[in-house]
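What follows is a short report on a single structure.
For the numbers below, each heavy atom of this structure counts, side chains included, while hydrogens, waters and symmetry mates do not. Note that ligands are numbered from 1 as they come in the structure, with each ligand's atoms numbered from 1 the same way.
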Amino acid sequence: MAKSKFEYVRCFETDDTCLRNCYIVVRLDGRNFHKFAEQHNFMKPNDDRALGLMARSARSVMEDLEDIAIAYGQSDEFSFVFKRSTNWFKRRGSKLMTHVASQFSSSYVFYWKEYFGEQPLIYPPGFDGRVVLYPTNRNLKDYLSWRQADCHINNLYNTAFWTLVHKGGLSTTQAEERLNGTLSADKNEMLFSEFNMNYNNESPLHRKGTTLIWEKVDETSTKRITLPKEGEKEVTFTRSRRKVTAHNCDIIGDLFWEEHPDILEEDS
Ligand code: DGT
Ligand code: MG
Ligand code: MG
Ligand code: MG
Ligand code: MG
C-alpha cells in the first residue's frame, strides 16, 4: 500500500503498552457525583437503585469486553481487573481504559430506566478512568482490600452520621462535630448503645460493596419435543454456562480467594 507523505504523523503516537505479567486494573469514578447524586435525589447515605445501576453497567463491561477476571465496586466507582496474561488490544493502556469507560458510561444511561423507573436522567453522567499495574497476587489483593476498606470506612461514617441526623435529631453540623475524632469502635458502640443498631447487621451491599466474577452456573430449561413413537413430550435440559455473578462479601480475608481459586493466575 502506498504511503502518503502525511504518514509520518503516526510516529508522534506514544507507546502505552502495559508491562507484561502484570494485572491491569482500570478504575472508573463518577465525575462530580456529589452533585449528580443530589440532582437525582439519591437516598442518603446509600441508594440501592444507584448501586444496582453501577453493578449492572459493570456486568455489561465484563460481558462485552475481553479478559476481565474480577470487578469490584462501591459508591460511584468500579475497578476492573484484566487477566495478567491478557493480550487484548496488545495491552495498550489507553485502548483498555477508554473501552471500559465508554462501555460503562453508555450502559449507565442505557439501563437507567430499569433502576430509576419514571425518574428522568436529567443530564449525561461522565466517568474518569485510570490504569494501574500490579505485578503480584499479593499486590492485587491488597489493591482490592484497599478499595473495600475504603467502602467500610465511608459506610460506617455515613451510617453513623445519617443515623444521628435522621434518628437522633441532630443537625448535620452537630452530627459532624459529634463524629469528629471518633474511631471505628466508637461509631459501632454509639450505633449500638444509642440506637440499638448492630452495624454488622446492616446491608452487606452497603458494607462490602459489589464483587463481580465469572462462575459456572447450571441452567435448566424445558422444551416440548415430538418423538416419532412417543409423540409430544416435555424434556428437561441442564447445561452449565459461564455467567457473571455478583457477591456482597468480604474479599479482604482468605476465604473468598480459597473458594474461587481460578480468579487469579499463579505468580511465576
Ligand atoms: P470527583 O470524583 O472528584 O469528580 O467528585 P465526586 O463528587 O464524584 O466525589 P467522590 O467520587 O470522591 O465521591 C462520591 C460522591 O458520590 C459522594 O459525594 C457521595 C456520592 N454518592 C455515591 N453513591 C451515593 C449514594 O448511594 N447515595 C448518595 N446520596 N450519594 C452517593
Ligand atoms: Mg474522586
Ligand atoms: Mg466521583
Ligand atoms: Mg468516588
Ligand atoms: Mg476505528
Sequence neighbours left out, cut at 3.5 Å: what donor-acceptor pairs do the side chains of residues 251-261 make with other protein atoms?
| residue | atom | partner | partner atom | Å |
| --- | --- | --- | --- | --- |
| Trp257 | NE1 | Ile251 | O | 2.9 |
| His260 | ND1 | Phe256 | O | 3.1 |
| His260 | NE2 | Glu215 | OE2 | 3.3 |

Nearest-option assignment for atom 20 (C) of ligand 1, heavy atoms, candidates Phe42, Phe33, Phe36, Phe127
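Residue with the shortest heavy-atom distance to the ligand atom: Phe33.
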Taking atom 25 (C) of ligand 1 as the point of reference, which of Ala37, Pro45, Ala50, Gly30 owns the nearest heavy atom?
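The option holding the nearest heavy atom is Pro45.
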Strictly under 4.0 Å, does any heavy atom of Asp29 approach an atom of ligand 1?
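Asp29: in contact with ligand 1 (<4.0 Å).
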Is Asp47 touching ligand 1 with its side chain, its backbone, both, or neither, if touching means heavy atoms under 4.0 Å apart?
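Both backbone and side chain.
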Using a 4.0 Å heavy-atom threshold (strictly under), name the region of Met43 that reaches ligand 1: side chain, backbone, both or neither.
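Only the backbone of Met43 comes within reach of ligand 1.
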Charged N-O contact under 4.0 Å between Arg207 and Glu202:
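Salt bridge between Arg207 and Glu202, a charged N being under 4.0 Å from a carboxylate O: no.
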Could you confirm whether Asp128 has any N/O/S atom lying under 2.8 Å from the Mg ion (ligand 3)?
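So Asp128 does not count as coordinating the Mg ion (ligand 3).
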N, O or S atom of Phe33 closer to the Mg ion (ligand 3) than 2.8 Å:
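Looking at Phe33, which is the residue asked about, there is no N, O or S atom under 2.8 Å from the Mg ion (ligand 3).
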Could you list which atoms of ligand 1 come closer than 4.0 Å to a heavy atom of Asn46?
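Here the atoms of ligand 1 in question are 26 (O).
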Apply ring pair (Phe, Tyr, Trp, His ring centres under 6.0 Å) to Phe82 and list each qualifying residue two or more places apart in sequence or on a separate chain.
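In terms of ring pair (Phe, Tyr, Trp, His ring centres under 6.0 Å), with neighbours along the sequence ignored, Phe82 is linked to no residue.
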Proximal heteroatom of Asp76 relative to the Mg ion (ligand 4) (N/O/S)
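When I compare the N, O and S atoms of Asp76, OD1 is nearest to the Mg ion (ligand 4).
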Between the side chain of Asn139 and the main-chain N/O of Tyr134, is any donor-acceptor distance below 3.5 Å?
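Not a single qualifying donor-acceptor pair exists.
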For ligand 1, is there an N or O atom under 3.5 Å from any N or O atom of Asn32?
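Between Asn32 and ligand 1, an N or O pair is found under 3.5 Å apart.
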